[in-house]
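Right, one structure below, let's go through it.
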Amino acid sequence: MAKFLTNREENYSQWYNDLVIKADLAENSAVRGCMVIKPYGYAIWEKIQAGLDKLFKETGHVNAYFPLFIPKSFFSKEAAHVEGFAKECAVVTHYRLKNDGKGGVMVDPESKLEEELIIRPTSETIIWNSYKSWIHSYRDLPILINQWANVVRWEMRTRLFLRTAEFLWQEGHTAHATKEEAQEETQKMINVYADFAENSMALPVIKGFKSENERFAGALDTYAIEALMQDGKALQAGTSHFLGQNFAKAFDVQFTDKTGKLEYVWATSWGVSTRLIGALIMAHSDNNGLVLPPKLAPIQVVIIPIFRKIEQLSVISEVAAGIKKDLESIGISVKYDDRDTNTPGWKFADYELKGVPVRIAIGPRDIENKTVEIARRDTLKKEIYPLEKVALIVKDLLEDIQKEIYNKALKFRQENTFYVDTWDDFVKVLDQPGGFIMAHWDGTAETEEKIKEETKATIRCIPFDSPEEEGKCIYSGKPSRKRVLFARSY
RNA sequence: CGGGGUGUGGCGCAGUUGGUAGCGCGCUACGUUCGGGACGUAGAGGCCGCUGGUUCAAGUCCAGUCACCCCGACCA
């Protein structure tokens with residue numbers, strides 16, 4: 001575990017402040033748990049957005065936008081859904097302030113809303129309220145909509161990136177004519193998330209079903225991708241829900257099928273959030289700072305000139321400009337940092353902190369020899385290459401870094417996944433190395449609950465690819481057919 | 001909401017039995033530097049979280065209050 005993720009060393013705090021700061025309105029407890037994402041951190045989010053959005057479009061989805069406020073009455077239509085979110089909602093009750101006569105302002109009691117508005121914790125209700133008027137015939141289906149938005153969940157305890165009171169996310173909400181089609185969509189989207197996590201974020205994930213206890217409020221089935229962080233805890237990185245006809249029934253969304261029969265619509269929803277930035281940080285960082293997979297790095301290559309005199313700089317700049325142009329022409333993002341306000345050593349450290357995958361240093365020596373020094377962030381190794389080969393080398397290097405970061409994370413997960421058959425081992429492994437535990441479970445919610453009470457470990461998912469295997473429940477000793485994934489989680 | 005901890009320049013912290021605030025980093029200026037977070041000199045920057053009390057005197061003692069952090073309940 002990178003030390004700067006677990007304590008407040010100088011570097012940690014500088015790096016952290018560079019990426020994100022907490023809202024510093026110390027007087028106002030209402031912004032507790034919210035975050036300010038500074039430009040570099042937000043650039044990472046933009047890369048995530050772009051990558052996902054492309055995949056959504058490729059799978060036939062379109063973007064739309066629905067209101068931030070949800071009338072209270074909408075929210076109470078689906079019983080399990082209310083139950084799940086009731087305890088964490090921010091509510092708007094008034095719409096105006098007035099002078100309090102003491103130089104301050106107060107809420108104008110005259111402005112009380114007839115019906116309170118809930119700030120969306122998720123948008124199923126307001127979206128299905130719209131779908132009601134959009135869907136009448138099988139010809140109106142399917143509806144495959146995604147929304148990029150912010151949501152608010154008034155959590156009791158927050159943790160930057162992993163659980164903030166307000167967070168940015170995307171939520172897909174689809175409507176289908178048949179159960180099979182909706183189930184297929186649910187599966188399709190968890191696959192999209194897994195692809196993105198593994199191929200773009202270099203984050204190996206385990207796909208699986210959520211147990212009943214962990215299911216989304218209002219869903220018949222929840223699929224999730226689970227990733228292992230460097231501190232041995234699990235992180236739920238994305239979910240896809242099969243909602244059945246629950247929301248269609250709650251909002252009375254019926255359509256006439258091909259045979260003229262009236263049917264309720266089948267639904268799915270799925271989402272990932274700014275938590276993915278947290279996942280990236282917690283999964284790949286080392287003691288020198290962030291390590292970003294090239295596909296998500298806002299800056300993929302930084303060029304740093306080493307010079308004493310202005311004349312030297314101008315020669316270097318010419319070479320750097322050529323490299324930059326070459327790299328950009330093959331789609332690589334490059335920053336040339338020719339500031340004379342910081343030393344090269346300072347810049348090296350700074351870009352390492354920011355996780356920039358490849359660094360090119362050019363000094364007078366290189367100019368003389370027609371070479372450059374190329375360093376990679378993941379291993380911190382550096383080598384001298386001839387100038388004319390730079391574009392080729394860098395292109396390969398970025399691909400290799402992407403692969404190696406993934407391999408490293410995968411190796412870490414493999415080394416920290418334990419197949420356990422006794423309760424003693426289960427408890428020991430949880431405490432000692434932590435990590436993922438594959439163990440048998442009798443399938444009951446009571447057992448899951450008891451395991452959670454005694455160890456704080458929960459069933460992260462029932463992996464899709466967990467093989468059939470005779471066994472006995474780790475806790476109750478009752479028969480079991482499959483191992484499930486246990487871990488302590490965020 | 002329960003348990004623990006912390007509030008002192010931008011950041012990280014020290015501050016003894018109460019005597020009127022300091023260190024490192026950062027910041028500004030100038031000079032020398034520049035192939036792994038350079039160095040020197042000179043500066044700027046503080047309602048010691050807030051309120052009240054004790055005292056000749058409070059960063060320090062007392063009471064209250066607010067905020068933040070960690071652990072639990074809740075959760076993407």
Side-chain angles (χ1 to χ4, degrees), chain A residues 4 6-18 21-33 83-89 121-122 151-171 193 210 213-217 222 224-227 234-241 269-279 288-289 304-310 312-313 316 338-353 359-369 371-373 375 380 382 384 452-453 456 458 489-490:
Chain A
F4 67 92
T6 53
N7 61 30
R8 294 187 165 270
E9 303 272 333
E10 195 180 330
N11 275 356
Y12 165 86
S13 118
Q14 280 179 7
W15 161 78
Y16 211 77
N17 277 336
D18 211 37
I21 58 165
K22 281 158 73 183
D24 57 356
L25 305 170
E27 301 295 315
N28 186 352
S29 66
V31 294
R32 176 189 338 203
E83 178 72 20
F85 286 102
K87 283 174 278 179
E88 53 188 50
C89 286
T122 179
V151 288
V152 169
R153 295 185 188 173
W154 214 262
E155 304 290 354
M156 292 171 181
R157 206 156 77 76
T158 56
R159 194 188 163 104
L160 273 180
F161 281 125
L162 300 183
R163 186 162 48 254
T164 43
E166 179 194 4
F167 55 95
L168 307 183
W169 77 343
Q170 63 63 219
E171 45 181 331
Y193 288 152
K210 281 288 176 185
N213 285 349
E214 301 277 327
R215 219 170 263 164
F216 177 74
T222 291
I225 51 171
E226 292 286 331
L235 186 75
Q236 178 175 307
T239 48
S240 180
H241 315 291
S269 69
W270 27 273
V272 297
S273 69
T274 34
R275 172 178 270 196
L276 291 184
I277 303 174
N288 292 314
I304 297 173
I306 296 157
F307 61 97
R308 272 178 232 192
K309 297 169 192 150
I310 299 294
Q312 290 176 318
L313 177 63
I316 294 169
D338 63 348
R339 288 175 299 169
D340 61 357
T341 49
N342 295 92
T343 61
W346 190 92
K347 291 177 188 171
F348 290 173
D350 190 48
Y351 289 104
E352 275 163 19
L353 211 52
R359 182 188 68 230
I360 300 175
I362 310 172
R365 214 154 64 205
D366 295 302
I367 296 296
E368 205 172 303
N369 304 334
T371 57
V372 295
E373 180 194 87
L380 297 171
K382 48 190 183 183
I384 308 286
K452 186 178 176 183
E453 271 170 36
K456 286 181 276 176
T458 51
S489 76
Y490 281 106

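Sequence lines set the chain letters: A, B, ... in the order given, protein chains first and strands last, and positions in each chain run from 1. Both backbone and side-chain heavy atoms feed into the values below; hydrogens, waters and symmetry mates do not.
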Candidates B/rG35, B/rC74, B/rG37 - which lies nearest the side chain of A/Lys452: B/rC74

First of A/Phe216 and A/Ile384 reached from the 5' end of RNA chain B, by closest nucleotide: A/Ile384

Distance, C1' atom - from B/rC34 to B/rG45, rounded to whole angstrom: 29 Å

Sub-4.5 Å side-chain heavy-atom contact between A/Arg153 and A/Thr122: yes

Selection from B/rG35, B/rC74, B/rG36 that lies nearest to any side-chain heavy atom of A/Lys382: B/rG36

Pairing residues for A/Asn213 by the side chain to side chain contact (heavy atoms under 4.5 Å, CB included) criterion, not counting sequence neighbours: A/Ser211, A/Ala445, A/Glu448, A/Glu449

Between CG on residue A/Leu276 and OH on residue A/Tyr193, distance to nearest 0.5 Å: 9.0 Å

Interatomic distance, A/Tyr490 OH vs B/rC74 C1' [rounded to whole Å]: 17 Å

Pairwise P distance, B/rA14 and B/rC61 [rounded to whole Å]: 15 Å

Separation of the P atoms in B/rC62 and B/rG19, to the nearest angstrom: 15 Å

Side chain to side chain contact (heavy atoms under 4.5 Å, CB included) against A/Thr371, all qualifying residues, sequence neighbours excluded: A/Asp366, A/Asn369, A/Ile384

Gap between atoms CD and P, on A/Glu352 and B/rG37 respectively (whole Å): 11 Å

Given B/rG36, B/rG35, B/rC74, the nucleotide with the shortest approach to the side chain of A/Asp366: B/rG35

Integer angstrom distance from the C1' of B/rA42 to that of B/rA58: 34 Å

Exam field: side chain A/Glu155 to backbone A/Glu88, donor-acceptor pair closer than 3.5 Å: no

Gap between atoms CD1 and P, on A/Ile367 and B/rC34 respectively (whole Å): 17 Å

Partner set under ring-ring contact (aromatic ring centres under 6.0 Å, His included) for A/Phe348, not counting sequence neighbours: none

Contacts of A/Thr164 that satisfy side chain to side chain donor-acceptor pair (under 3.5 Å) - sequence neighbours left out: none

Distance between C1' atoms of B/rU20 and B/rG24 (Å, rounded): 24 Å

Nearest-angstrom distance from the residue atom CD1 of A/Ile304 to C1' of B/rG35: 11 Å

Side-chain heavy atoms of A/Glu352 within contact of A/Leu380, under 4.5 Å: yes

Side chain to side chain contact (heavy atoms under 4.5 Å, CB included) partners for A/Glu83, two or more places apart: none

Under 4.0 angstrom between A/Arg308 side-chain N/O and B/rC34 OP1 or OP2: yes

Sugar-phosphate only, base, or nothing, as touched by A/Leu235 at under 4.0 Å among non-hydrogen atoms: nothing

Presence of donor-acceptor pair under 3.5 Å, side chain of A/Asn342 and base of B/rG37: no

Sugar-phosphate only, base, or nothing, as touched by A/Glu155 at under 4.0 Å among non-hydrogen atoms: base

A/Phe307 side chain reached by A/Asp340 side chain, heavy atoms, under 4.5 Å: yes

Euclidean distance for P, B/rA44 against B/rU51 (whole angstrom): 28 Å

Spacing between A/Phe167 atom CZ and B/rC75 atom C1', to the nearest angstrom: 9 Å

Could you write out each protein N or O paired with an N or O of nucleotides 38-42 of chain B at a distance under 3.5 Å?
from   : atom 1 : to       : atom 2 : distance (Å)
B/rA38 : OP2    : A/Thr343 : OG1    : 2.9

Options B/rG37, B/rG36, B/rC75, nucleotide nearest the side-chain atoms of A/Arg359: B/rG36

Protein-nucleic acid N or O pairs under 3.5 Å, nucleotides 70-72 of chain B:
from   : atom 1 : to       : atom 2 : distance (Å)
B/rC71 : OP2    : A/Arg157 : NH1    : 2.9
B/rC71 : OP2    : A/Arg157 : NH2    : 2.8
B/rG72 : OP1    : A/Lys456 : NZ     : 3.2

Any donor-acceptor N/O pair under 3.5 Å between B/rC75 base and A/Arg153 side chain: no

Spacing of A/Ile360 atom CD1 relative to B/rG35 atom P, expressed in whole Å: 19 Å

Listed partners of A/Glu166 passing side chain to side chain donor-acceptor pair (under 3.5 Å), at least two apart: A/Asn150

For A/Asn342, side chain to side chain donor-acceptor pair (under 3.5 Å) partners two or more places apart: none

Sugar-phosphate, base or nothing in reach of A/Thr164, heavy atoms under 4.0 Å: base

Set of side chain to side chain contact (heavy atoms under 4.5 Å, CB included) partners for A/Thr239, sequence neighbours left out: A/Thr222, A/Ala224, A/Gln236, A/His241

Rounded P spacing from B/rG31 to B/rG12 in Å: 33 Å

Residue A/Phe348, side-chain heavy atoms: nucleotide from B/rC34, B/rG36, B/rC74 that is nearest: B/rG36

Salt bridge (Lys or Arg N to Asp or Glu O under 4.0 Å) involving A/Glu373 - partner list, sequence neighbours excluded: A/Arg359

Interatomic distance where CD1 belongs to A/Ile306 and C1' belongs to B/rG37 [whole Å]: 14 Å

Nearest-angstrom distance from the residue atom CG of A/Asp340 to P of B/rC30: 12 Å

B/rG4 to B/rC23 separation - C1' atoms, rounded to the nearest Å: 29 Å

Secondary-structure notation, RNA chain B, from Watson-Crick and G-U pairs under 3.5 angstrom (| other strand): (((((((..((((.....[..)))).((((((.....)))))).....(((((..]....))))))))))))....

